[in-house]
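Let me begin by presenting the structure, written as structure tokens, before commenting on it.
So that the names make sense, note that chain A is the first sequence line, chain B the second, and so on, each numbered from 1. Note: hydrogens, waters and symmetry copies are ignored here, and every other heavy atom, side chains too, is used.
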There are 2 protein chains.
Amino acid sequence: MDVNDFKILLVDDETDVLDFMKYNLEKEGFWVYTAQNGVEAIQMAKKMNPHLIILDLMMPKMDGIETCRELRNIPEFKNTIITFLTARDEDYSQIAGFEVGADDYITKPIKPRVFISRIRALLRRLETNETAGKITVGDIEVDRERYLIIKAGKEISLPRKEFELLNLLISKPGRVFKREEILSKVWGNDTIVGDRTIDVHIRKLREKIGDDYFKTIKGIGYKFDA
Amino acid sequence: MDVNDFKILLVDDETDVLDFMKYNLEKEGFWVYTAQNGVEAIQMAKKMNPHLIILDLMMPKMDGIETCRELRNIPEFKNTIITFLTARDEDYSQIAGFEVGADDYITKPIKPRVFISRIRALLRRLETNETAGKITVGDIEVDRERYLIIKAGKEISLPRKEFELLNLLISKPGRVFKREEILSKVWGNDTIVGDRTIDVHIRKLREKIGDDYFKTIKGIGYKFDA
DNA sequence: AAAGTCTGTTAACCTTTGCTTAACGTTCAA
DNA sequence: TTGAACGTTAAGCAAAGGTTAACAGACTTT
């Protein structure tokens with residue numbers, strides 16, 4: 001599944017916030033659909049079957065919590081990823097959110113880069129067998145919550161891009177990821193970066209983790225192998 | 001399938017919008033056809049058999065929804081990708097759109113880059129099933145995902161051209177592929193390579209996999225046989 | 001605010017690999 | 001038998017990737 005096949009439903013009553021998120025997500029190639037309140041959201045969700053729903057907590061009529069609860073009662077949305085959008089310091093709401101079956105929450109104000117990479121991480125769950133925030137392949141453990149990996153008991157922290165690249169490759173060990181695929185999934189759909197960028201990041205990963213884990217398929221891309 | 005083989009039908013009553021989209025799509029190498037209303041659209045679609053239809057929602061006579069419904073009733077368009085074109089904030093119409101079998105909608109105003117990448121993503125759906133997955137013939141297994149072949153449990157990795165050549169031949173075991181067919185499918189339509197190039201690659205495959213798998217049909221081409 | 005650190009990206013250069021070709025040898029069908 | 005078609009080999013070349021350092025921008029720290 002390609003980044004471009006992911007459908008995201010945004011639900012927020014503030015048009016500004018909606019537009020801002022939509023703009024940023026579309027720039028990355030996601031399908032974005034919107035709704036302005038809980039009722040609309042549920043209607044829309046039924047029609048388009050989104051992979052991910054981002055729900056604002058504070059909404060008139062039916063708030064995020066309530067909407068989420070209703071969504072979770074509909075069988076086809078049992079496995080849809082639902083994320084809340086909350087103002088910072090609304091800790092209490094977060095707890096309530098997890099109680100009704102949210103997978104994550106995102107705090108406002110939204111910073112585009114962090115926002116996007118968070119969305120990517122969430123959607124990656126659908127593609128892989130990943131259940132929680134961890135994955136172990138061979139002697140490498142990836143802790144997606146803390147942005148670090150553990151090799152032979154030793155913690156290694158990685159910068160965002162390196163981490164996301166590793167995370168992508170390791171999500172399907174052995175499978176070859178084409179360069180363009182890597183670009184679209186880690187960098188974003190319309191990003192234009194130089195030819196050597198991926199290589200450099202691969203090199204850094206090889207440096208930190210070990211040469212043999214990363215195999216080059218010339219003319220195609222890379223794969224992770226234990 | 002090449003980008004340049006994709007046929008797109010644009011349907012909109014506003015000539016400006018039509019021209020704008022057409023310009024942007026043709027610049028990318030797509031074949032673009034146009035219609036100004038629903039009736040025309042259906043006529044045109046029957047003639048040219050498009051891969052993708054972009055329908056404006058608001059049109060005189062027969063609107064987008066209605067046109068879509070009619071198209072979906074024609075068997076040959078059951079699998080055609082249909083997308084709506086709608087003004088922002090017409091969320092309700094979007095819902096109606098999905099009901100009649102639309103695959104997506106695109107909001108106006110159209111931003112060229114987002115527009116194009118969205119079209120590409122849609123068309124990618126048509127392509128994906130062609131090259132994915134595994135194929136096993138006799139004791140040879142071709143794993144396209146991992147980009148390697150397995151013979152008697154032993155993994156053999158092949159350079160790109162060799163892999164693609166094997167992949168082509170093995171896709172229809174026993175069938176003879178003409179030299180020119182091999183050239184156009186593995187090397188590309190416009191590539192000009194010498195006479196011996198194919199032979200050399202066949203030789204390498206024979207070396208790595210075994211002589212008897214590849215049969216030469218003199219004057220015609222090659223075939224794969226177990 | 002300034003200095004310093006950390007990331008991501010690029011440019012320039014180097015290394016490796018796979019593709020192609022040329023030249024010659026072999027086969028096979030008419 | 002003979003020549004067109006294919007087989008084989010090694011060598012040259014170009015393309016793809018590897019490597020390094022340097023730089024700009026973001027983020028931290030002081």
Would you please indicate yes or no on a ring centroid separation below 6.0 angstrom for Tyr222(B) and Phe177(B)? no
Which is it for Leu10(B) and Val32(B) under the side-chain contact (heavy atoms from CB on, under 4.5 Å) test, yes or no, and what are the steps along the way? CA-CA 7 Å; Leu10(B) 300 176; Val32(B) 182; 3.5 Å; yes
Ignoring the backbone of [X], work out which of [options] is nearest its side chain.
X: Arg160(B); options: dG8(C), dC19(C), dT9(C); answer: dC19(C)
X: Asp199(A); options: dT21(C), dC19(C), dT19(D); answer: dT19(D)
X: Val193(A); options: dT8(D), dT9(C), dT7(C); answer: dT9(C)

I want to check one thing: is the phosphate of [N], taken as OP1 and OP2, less than 4.0 Å away from some side-chain N or O of [X]?
X: Arg196(B); N: dT8(D); answer: no
X: Trp187(B); N: dT20(C); answer: yes
X: Arg179(A); N: dG17(D); answer: yes
X: Tyr222(B); N: dA5(D); answer: no
X: Thr216(A); N: dG18(D); answer: yes

Could you check how far [atom1] of [X] sits from [atom2] of [N], rounded to whole Å?
X: Lys161(A); N: dT10(C); atom1: NZ; atom2: P; result: 11 Å
X: Leu205(A); N: dG18(D); atom1: CG; atom2: P; result: 12 Å
X: Phe214(B); N: dT8(D); atom1: CZ; atom2: C1'; result: 17 Å
X: His201(A); N: dT9(C); atom1: NE2; atom2: P; result: 5 Å
X: Asp212(A); N: dG18(D); atom1: CG; atom2: C1'; result: 16 Å
X: Asp195(B); N: dA4(D); atom1: CG; atom2: P; result: 13 Å

Students often get this wrong, so: under 4.0 angstrom with heavy atoms, is Thr197(A) touching a base, only sugar-phosphate, or nothing? base
Base, sugar-phosphate or nothing for Lys218(A)? Non-hydrogen atoms, less than 4.0 Å. base
Does Glu180(B), at its CD atom, have more than 12 non-hydrogen atoms belonging to other residues, nucleotides or ligands within less than 6.0 Å? no
Between Gly221(A) and Arg206(B), who's closer to the 5' end of DNA chain D by nearest nucleotide? Arg206(B)
Residue pairs, two or more places apart or on separate chains, that pass salt bridge (charged side-chain N to carboxylate O under 4.0 Å, His left out) and touch residues 215-226 of chain A: Lys223(A)-Asp225(A)
Just wondering, do Leu205(B) and Leu158(B) contact through their side chains at under 4.5 Å, heavy atoms? yes
